[in-house]
Number of protein chains: 2
Amino acid sequence: MLTPINILKKIPLFSSLSESDQQNLTSLLRRKLLGKGEHLFRQGDEGTALYIIVQGRIKISLSKRADNVTLAILGQGEFLGEMALLDELPRSADAIALEETQLYILNRKDFLSFLAGNTHTVYAILNSLSRRLRRMDDQLAEMCFLNLSARLAKQLVELAETQNPGGDPKACDLNISQQELGNILGASRESINKELKILRDKGVVETSRNSIRILDLEALRKRMP
Amino acid sequence: MLTPINILKKIPLFSSLSESDQQNLTSLLRRKLLGKGEHLFRQGDEGTALYIIVQGRIKISLSKRADNVTLAILGQGEFLGEMALLDELPRSADAIALEETQLYILNRKDFLSFLAGNTHTVYAILNSLSRRLRRMDDQLAEMCFLNLSARLAKQLVELAETQNPGGDPKACDLNISQQELGNILGASRESINKELKILRDKGVVETSRNSIRILDLEALRKRMP
DNA sequence: TAATCTATGTGAATTTATTCACATTTCCTA
DNA sequence: TAGGAAATGTGAATAAATTCACATAGATTA
């Protein structure tokens with residue numbers, strides 16, 4: 001069930017909180033609905049809230065660049081805008097709903113006053129941010145030193161795991177266009193297509209419009225060193 | 001003068017503390033000296049301390065990879081190992097002294113007990129981590145979408161600005177080898193050399209052993225879109 | 001349902017960066 | 001100060017990915 005408290009438990013930033021802290025935090029949440037293609041916020045906007053995705057998908061992108069860079073596509077249980085809670089800087093990217101999306105909102109003020117009474121939460125957050133920094137160090141190194149074939153394999157595995165947390169080894173459909181994959185991986189649409197052809201010829205994936213079906217997740221794992 | 005308190009004032013994480021808080025923190029610091037080439041810590045080590053660089057330079061790198069990736073080169077007034085204070089995970093990279101280096105050490109236990117009495121410091125840290133995350137988002141996008149020429153220009157400008165905070169428009173020497181620049185930018189030593197030749201031919205830089213002299217910072221800025 | 005739009009598939013030419021193979025230069029030290 | 005190690009400089013061959021130029025397929029709507 002997607003109760004607020006169950007949503008909180010899935011968020012690394014909050015999952016280590018005690019049950020009662022989670023209940024308190026839950027009482028501060030408000031709801032919001034977004035239609036497909038609607039902006040949640042734009043680069044440069046003042047940011048004063050954290051959003052938690054209850055249902056649907058949000059794309060984080062830098063549209064100001066000539067190349068349209070996609071930083072992330074977030075789904076159910078993931079959250080965004082958390083940096084606005086921790087510093088006073090404007091939004092560093094755009095956030096757009098890829099489909100009809102339902103969110104919880106947590107305001108900066110509410111969050112900070114919650115923090116003031118929860119030392120434990122503060123340490124949980126420091127811990128969580130620290131892990132994210134470690135992870136980004138890794139990602140940076142990978143972007144830099146892996147070729148497209150390896151990066152694509154890695155991205156597909158990652159998408160499969162987030163869309164299919166059970167770790168089901170069976171077939172799994174990813175709802176993403178080849179253009180979007182290119183935006184995420186910093187590659188052209190055509191290059192993505194050519195890499196997918198190689199995977200298709202080996203029977204690792206099947207492709208169709210706006211969708212990639214993963215047939216052999218293990219084979220993908222072997223391609224990401 | 002490089003007294004402990006003057007060092008603290010230069011660190012974004014601590015510069016906003018009151019004079020008395022800075023004095024308290026200073027009393028927790030110990031000294032350490034490292035010779036050129038000496039390891040401060042290695043990937044996988046248990047991490048229990050934060051280090052502040054008083055004098056010298058420390059390289060953070062991932063030597064386990066086939067390609068030797070350099071994540072950062074830190075200098076006077078910068079700090080490292082802070083993630084070990086915030087989570088319990090082992091060191092995620094190697095830290096090596098590039099030259100004779102003098103450090104202050106702040107132990108995890110001491111730091112955490114200091115934090116317990118300094119809410120203000122906690123927020124300063126959250127703020128600082130948040131900014132670093134934003135910066136890494138940018139870096140990731142750049143790595144991905146800028147070509148070597150632009151990335152090199154950007155890196156040179158960045159190095160010039162950190163080594164020369166006054167923003168002096170005059171000539172500026174960077175003490176770094178071409179191999180090291182390659183490790184930072186995810187490029188081969190030869191490619192760096194060829195890009196530098198282009199800049200040299202245009203009179204933008206001069207090169208010599210372990211050193212790049214920037215003659216025209218503005219020209220570099222124009223090359224990084 | 002025909003027209004249109006969006007997404008995918010593919011080959012050829014081109015660009016970008018790497019690898020390889022040496023020559024040269026600079027620094028350090030035995 | 002002679003000899004070796006480390007860093008730089010450069011050309012040629014190779015590999016990786018992009019760009020360009022279409023063809024085809026699937027969805028949407030007028």
Closest listed nucleotide, where the reference is the side chain of [X] and the choices are [options]:
X: A:E190; options: D:dT8, C:dT8, D:dC20; value: D:dC20
X: B:T207; options: D:dG9, C:dT10, C:dT8; value: D:dG9
X: A:Q178; options: C:dT10, C:dA7, C:dG9; value: C:dG9
X: A:E195; options: C:dT10, D:dG9, D:dA17; value: D:dA17

How many Å lie between [atom1] on [X] and [atom2] on [N], as a whole number?
X: A:E206; N: C:dT8; atom1: CD; atom2: C1'; value: 15 Å
X: B:L199; N: D:dG9; atom1: CG; atom2: P; value: 12 Å
X: B:M143; N: C:dA17; atom1: CE; atom2: P; value: 12 Å
X: A:K197; N: C:dT8; atom1: NZ; atom2: P; value: 16 Å
X: A:L148; N: C:dT16; atom1: CG; atom2: P; value: 18 Å
X: A:N210; N: D:dA27; atom1: CG; atom2: P; value: 9 Å
X: B:I192; N: C:dT18; atom1: CD1; atom2: P; value: 8 Å
X: A:N175; N: D:dG26; atom1: CG; atom2: C1'; value: 16 Å

Side-chain N or O of [X] closer than 4.0 Å to phosphate OP1/OP2 of [N]:
X: A:N147; N: D:dA16; value: no
X: B:K194; N: D:dT10; value: no
X: A:N193; N: C:dG9; value: yes

In this structure, CG of A:L80 is separated from CD1 of A:I58 (nearest 0.5 Å) by 6.0 Å

5'-most contact on DNA chain D: A:R189 or A:S149, nearest heavy atom basis? A:S149

Under 4.0 angstrom, heavy atoms only, what part of the nucleic acid is [X] near: base, sugar-phosphate, or nothing?
X: A:S177; value: sugar-phosphate
X: B:R151; value: nothing
X: A:S191; value: base

Take the angle between the ring planes of B:F111 and B:F14 and call it parallel below 30°, perpendicular above 60°, tilted in between. perpendicular

Under a 3.5 Å cutoff, is there a donor and acceptor pairing between the side chains of [X] and [Y]?
X: B:T70; Y: B:E180; result: yes
X: B:N127; Y: B:R131; result: yes
X: B:N193; Y: B:Q178; result: yes

Is A:E38 salt-bridged to A:K32, cutoff N-O under 4.0 Å? no

Is any side-chain N of the basic residue among B:E46 and B:R91 closer than 4.0 Å to the acidic one's carboxylate O? no

Applying salt bridge (charged side-chain N to carboxylate O under 4.0 Å, His left out), run through A:E142 and A:R151 and close with a yes or a no. CA-CA 8 Å; A:E142 278 158 12; A:R151 297 211 308 280; over 6 Å; no

Is it the case that more than 12 heavy atoms not belonging to A:R221 sit under 6.0 Å from its CZ atom? yes

Please produce a list of atom pairs where a protein N or O lies less than 3.5 Å from an N or O of nucleotides 2-6 of chain C.
{"unit_1": "C:dT6", "atom_1": "O2", "unit_2": "A:R209", "atom_2": "NH1", "d": "3.0"}
{"unit_1": "C:dT6", "atom_1": "O2", "unit_2": "A:R209", "atom_2": "NH2", "d": "3.2"}

What residues in residues 179-187 of chain B put a non-hydrogen atom under 4.0 Å from any atom of DNA chain C? B:G186, B:A187

What verdict does the side-chain hydrogen bond (donor to acceptor under 3.5 Å, both in side chains) test give for B:R200 and B:T207, after you've listed the backbone C-alpha separation in whole Å, the side-chain angles of each residue and the deciding distance to 0.1 Å? CA-CA 8 Å; B:R200 214 162 43 218; B:T207 60; 3.0 Å; yes

